[in-house]
Amino acid sequence: MSWLSKVRNSLSSLNKRDTPDNLWIKCPSCGEMLFTQEFEANLSVCPRCEHHGRITAKTRFEQILDAGFTVLPTPEVEENPLNFRDTKKYSDRLKAARAANPYPDALTNASGTIEGYKAVLGVQDFKFMGGSMGMAVGEAFVAGVEKAIAQKCAYIICTAAGGARMQEGILSLMQMPKTTVATRRLAAAGLPYIVILTDPTTGGVTASYAMLGDVQIAEPGALIGFAGQRVIQDTIREKLPDGFQRAEYLHDHGMVDMVVHRKNLKGTLAQLLGYLERKEAQ
Amino acid sequence: MKSYLDFEKPIAELDTRVAELRATQDGSSDIDIEAEIAKLAAKSEAMLSSTYGKLTPWQKTQVARHPLRPHFVDYVEMAFTDFVPLGGDRLYGEDCAILGGFARLNGQRVMLIGHEKGHDTASRVKHNFGMAKPEGYRKAIRLMEMASKFGLPVVTLVDTAGAFPGIEAEERGQAEAIARSTEACLALGVPMVAAIVGEGGSGGAVAIAAANKVLMLEHSVYSVISPEGASSILWRTPEKAADAATAMKVTAQDLLELEVIDGIVEEPLGGAHRDPAQTAKALAAAIEKELAKLSKLDAEALVRQREERFLAIGSL
Ligand SMILES: [Zn+2]
């Protein structure tokens with residue numbers, strides 16, 4: 001293995017800092033070699049080009065929630081309901097993903113406070129099968145919203161997904177209306193729903209709960225869209241415009257309220273919750 | 001002009017032979033030839049029956065996409081009366097990939113909405129092959145909200161390969177439009193019945209199919225991604241579409257078993273395209289039956305039934 005590919009590999013395991021392989025990482029955007037510890041201290045944002053690196057659910061909780069938050073249990077669902085296999089069994093893919101990740105599926109909730117404001121925060125982890133939405137993600141989303149309703153607080157979701165989990169077929173597609181039932185119930189309870197679109201958010205996730213926030217925030221440079229770029233290119237056979245489907249492009253087209261640098265995310269959320277929180281809950 | 005699918009070749013050969021024999025008769029009637037024609041026709045029908053009795057998921061996908069399969073405009077003619085088309089999303093434009101308007105189903109007033117793929121080159125271009133842009137979904141939202149306001153049940157006919165993947169669709173918020181359309185279905189205070197009549201392709205389909213009751217025509221398909229798409233992503237080759245169709249469980253029969261749909265509408269022997277009028281009649285009867293059952297529920301109960309229906313999918 002070349003030195004460079006070792007460095008590349010370390011990109012996918014930023015949480016393991018104890019081997020010399022992981023001392024340095026290369027910014028996937030500008031190519032700068034960065035000292036891992038420094039990169040992480042900078043919230044996994046490249047100090048040279050401001051590229052926002054993908055981070056794990058655990059790191060995201062720590063960055064946004066005040067100390068002392070509680071990670072909520074991931075609801076159980078039927079596993080591999082279609083008994084699906086492509087080149088590998090889906091159950092084996094799940095096993096591998098679980099071995100490599102701290103939480104049992106791609107969406108995990110935590111309950112806590114943000115500068116004192118109560119909130120339930122859901123985070124999709126792209127490292128877990130591309131963050132893809134299957135029954136476990138749908139069920140976790142619903143559980144997170146229910147927890148927020150029970151606690152009379154906001155539900156905040158950091159989205160990251162290549163789309164629906166194809167290995168669950170139609171059952172993954174059905175998570176689109178299912179999660180929308182939850183956002184409607186949150187709205188009916190008069191509670192805020194804030195979406196933070198992170199890199200990448202595409203497909204059925206974008207076309208359901210990721211676009212239904214009272215306030216829509218995107219992280220700089222995040223890829224956000226419905227259709228994949230290759231599919232679009234194959235369909236229209238034209239060059240895609242610069243910055244197409246990036247956070248700033250969505251902001252220009254009126255699809256998100258704001259693009260917020262990771263260092264300002266927590267403060268922005270607290271500011272928003274100050275406006276959105278119900279009077280009687282204060 | 002008949003159009004045969006690849007797996008129908010033996011049937012096509014028999015039918016061609018029958019046509020040739022008919023031509024040789026040329027007005028006169030030869031008893032031997034008559035008998036031969038009857039024999040071949042019976043054989044063709046038996047073969048059609050056995051072929052369609054055991055279609056694979058991939059074959060069903062082809063039947064669902066058959067160029068002569070009846071579409072929205074055919075059902076408007078054959079399953080409904082007094083259609084009043086309503087156009088536009090009041091925001092950007094008129095998207096003919098999704099049509100809608102007032103219609104009567106056996107006299108009962110409904111709001112009818114559905115994808116239209118088009119039947120020939122010109123109409124396919126006009127309807128963008130049934131692949132809607134944000135304005136199509138926003139028109140659907142407008143019509144659903146009007147239906148709710150005036151107490152008209154909503155009937156949707158789903159037939160799309162998927163929402164349009166293009167620059168302008170993304171620019172105008174394809175994802176948001178689909179999400180809001182799904183939300184609009186769930187909010188309806190009137191009964192809603194969706195029928196997958198051809199292809200139920202992913203988010204572009206579910207956006208107008210989050211209904212109280214979901215029906216499928218016998219040989220229609222409904223899936224999270226096309227078998228071709230799943231093949232190229234999961235198997236990394238375009239060659240495995242048939243395997244992908246089987247693995248993803250895309251057929252009406254699979255989906256009924258998974259409790260994702262509520263009923264199957266039987267198609268005439270050899271598929272809907274062999275007898276569109278009969279298909280329309282069966283479809284109308286099935287939708288009417290579901291609407292009659294739902295008419296007993298008030299607005300609140302309708303919303304709750306719809307919510308419980310989707311919350312149950314994936315819950316242990
Ligand atoms: Zn950089």
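In what follows, every chain begins at residue 1, and chains take the letters A, B, ... in the order their sequences are listed. The figures that follow rest on heavy atoms only: side chains count, while hydrogens, waters and symmetry mates do not.
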Need one label for [X]: side chain, backbone, both or neither, based on atoms under 4.5 Å from any heavy atom in chain A.
X	value
B:Leu311	both
B:Arg172	backbone
B:Ile225	side chain
B:Ala187	both

Of all the residues in residues 182-200 of chain A, which have a heavy atom that comes within less than 4.5 Å of a heavy atom in chain B?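 Within residues 182-200 of chain A, the residues under 4.5 Å from chain B are A:Arg184, A:Arg185.
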Is it the backbone or the side chain of A:Glu78 that comes under 4.5 Å from a heavy atom of chain B, or both, or neither?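 For A:Glu78, the contact with chain B is made by backbone and side chain together.
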At a heavy-atom separation under 4.5 Å, does A:Ile236 approach chain B through its side chain, its backbone, both, or neither?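 A:Ile236 touches chain B through side-chain heavy atoms alone.
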Once rounded to the nearest 0.5 Å, what's the spacing between atom [atom1] of [X] and atom [atom2] of [Y]?
X	Y	atom1	atom2	answer
A:Met255	B:Glu170	CE	CD	10.0 Å
B:Glu183	A:Met211	CD	CE	13.5 Å
B:Lys249	A:Phe84	NZ	CZ	10.0 Å
A:Gln245	B:Ile167	CD	CD1	9.0 Å
B:Met248	A:Leu82	CE	CG	9.5 Å
A:Met176	B:Ser202	CE	OG	6.5 Å

Are there residues of residues 301-309 of chain B that reach to under 4.5 Å of chain A by heavy atoms, and which ones?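 If one takes a 4.5 Å heavy-atom cut-off, the residues of residues 301-309 of chain B near chain A are B:Val303, B:Glu307, B:Glu308.
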